[in-house]
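See below for the structure under consideration.
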Amino acid sequence: MKMLSSIATVFMVIGLSVSLLAFQGRVFEEDDDAPALAADAHESAEWAFARYHFRSLNDEGGFRRFHLWAADYPKADRQFTMGVRRLTRLHARGMEQVVDADSDELFNWPWIYMEHGNGWNLTEDEATRLRQYLMRGGFLLSDDTHGDYEWGDLVRGLEMILPGRPIEELKNDDEIFHVMYDLDDRVQIHGTRFIWGGRPYSPDMVVPKWRAIRDDQGRILVAICHNSDVGDAWEWADSPQYPERETSLAYRIGINYILFDMTH
């Protein structure tokens, strides 16, 4: 009986360990339809899809509950990476990376993607770390906020990170829209909850906004896709029901933003 009890304890500890790793997004996949990992998924590379893992007010309920930071994860991350590998000469790793807001591992990744920044609940230490990351050359892509209410919540976090730095509307001739693809014609990229979920757009959600925060030299630190859901377009790129024009733009936007960051 003692041996059985010891074995049970070992398996319980292993289970808890896997659960903790899963919560970090390194074992458990919130999207069961994600493509299989490439054979070279764990090899070192020039670039990897790094996703920002922040605490939010809806984090209670265990790691299997939906988390704002993990929207579309990992299918969107993996399918977009497949596009980067196919459409560019950038040496991209086949596996996505989750980066914790409270870890200095953040400084290992030149490009960070974040969904639902309206829900982030940063500590002062996390805000300082992200500020240092951005000012040292890092790049943050904020995606999937809609309407004035979510915009206000996103901005409150950005003001903690980069106090006093203005948020500007990007113009059509901005370099970031012309790195690899010329993107003068940018349509709204719809989230599936608005296409298939029956959720209506309110008037403050219908116009897509392409915004940015710069440093003193004019380099873009934070690029913001507001009133669009780029991640959903990556996630559903394999679905004939998702608008192809929006998927095409989402891939081009993402690739331009990566190449802009990697060359500036």
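None of the values given here were measured: they were computed from a predicted structure. These numbers come from the heavy atoms of this one structure, side chains and all, not from hydrogens, waters or symmetry mates.
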Between [X] and [Y], is there a shared hydrophobic cluster once you connect ILVMFWY residues whose side-chain heavy atoms come closer than 4.5 Å?
| X | Y | answer |
| --- | --- | --- |
| F107 | I161 | yes |
| M82 | I255 | no |
| M135 | V99 | yes |
| Y242 | F194 | no |

Within the side chain of [X], is there an N or O that forms a donor-acceptor pair under 3.5 Å with the backbone of [Y]?
| X | Y | answer |
| --- | --- | --- |
| R93 | E96 | yes |
| N256 | Y181 | yes |
| S228 | I189 | yes |
| D143 | E115 | no |
| D229 | D232 | yes |
| D215 | R219 | yes |

Looking at side-chain heavy atoms only, is the closest gap between D261 and P110 below 4.5 Å?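 With C-beta onward as the side chain, the pair touches.
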Any non-hydrogen side-chain atom of M114 less than 4.5 Å from a side-chain atom of F54?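 A side-chain contact under 4.5 Å exists here.
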K75 NZ/CZ over W236 ring centroid, <6.0 Å and within 45° of normal: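 Verdict for W236: a cation-pi partner in K75.
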NZ or CZ of R51 within 45° of W109 ring axis and under 6.0 Å: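 Ring-cation test returns no.
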Could you go step by step and tell me if L90 and M262 meet the side-chain contact (heavy atoms from CB on, under 4.5 Å) rule? CA-CA 10 Å; L90 184 66; M262 298 293 284; 4.2 Å; yes
Single hit among H53, R55, R129 for side-chain hydrogen bond (donor to acceptor under 3.5 Å, both in side chains) with D100: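 Testing D100 for a side-chain hydrogen bond (donor to acceptor under 3.5 Å, both in side chains) against H53, R55, R129 leaves exactly one candidate, H53.
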Nearest 0.5 Å please: distance from the CG atom of N118 over to the CD atom of E150.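 One finds 4.0 Å between CG of N118 and CD of E150.
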If I compare all heavy atoms of [X] with all of [Y], which pair ends up nearest, and what's the gap?
| X | Y | value |
| --- | --- | --- |
| Q79 | Y251 | O-OH, 3.0 Å |
| R214 | E168 | NE-OE1, 3.0 Å |
| G94 | R85 | N-NH1, 3.2 Å |
| A250 | V230 | CB-CG1, 3.8 Å |
| M180 | L87 | CE-O, 3.0 Å |
| A212 | L170 | CB-CD2, 3.7 Å |

Going through the distances and angles, do L130 and W120 end up as a side-chain contact (heavy atoms from CB on, under 4.5 Å)? CA-CA 13 Å; L130 190 50; W120 57 3; 4.3 Å; yes
Verdict with reasoning, Q188 to E246, per side chain to side chain donor-acceptor pair (under 3.5 Å): CA-CA 7 Å; Q188 185 175 41; E246 295 175 29; over 6 Å; no
Derivation and outcome, side-chain contact (heavy atoms from CB on, under 4.5 Å), residues I224 and L154: CA-CA 10 Å; I224 306 166; L154 173 65; 4.0 Å; yes
Check the side chains of R193 and H146 for a donor-acceptor pair under 3.5 angstrom, ignoring hydrogens and angles.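 A pair is found: one side chain offers a donor N or O, the other an acceptor, under 3.5 Å apart.
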[X] ring center near [Y] ring center (under 6.0 Å):
| X | Y | value |
| --- | --- | --- |
| W111 | F49 | yes |
| Y201 | H190 | yes |
| W151 | H226 | yes |
| Y52 | Y113 | no |

List the steps, then state whether side-chain contact (heavy atoms from CB on, under 4.5 Å) holds for F139 with I220. CA-CA 7 Å; F139 182 96; I220 293 178; 3.8 Å; yes
Between S202 and D204, does a side chain to side chain donor-acceptor pair (under 3.5 Å) hold up when you go through it step by step? CA-CA 5 Å; S202 57; D204 58 343; 2.4 Å; yes
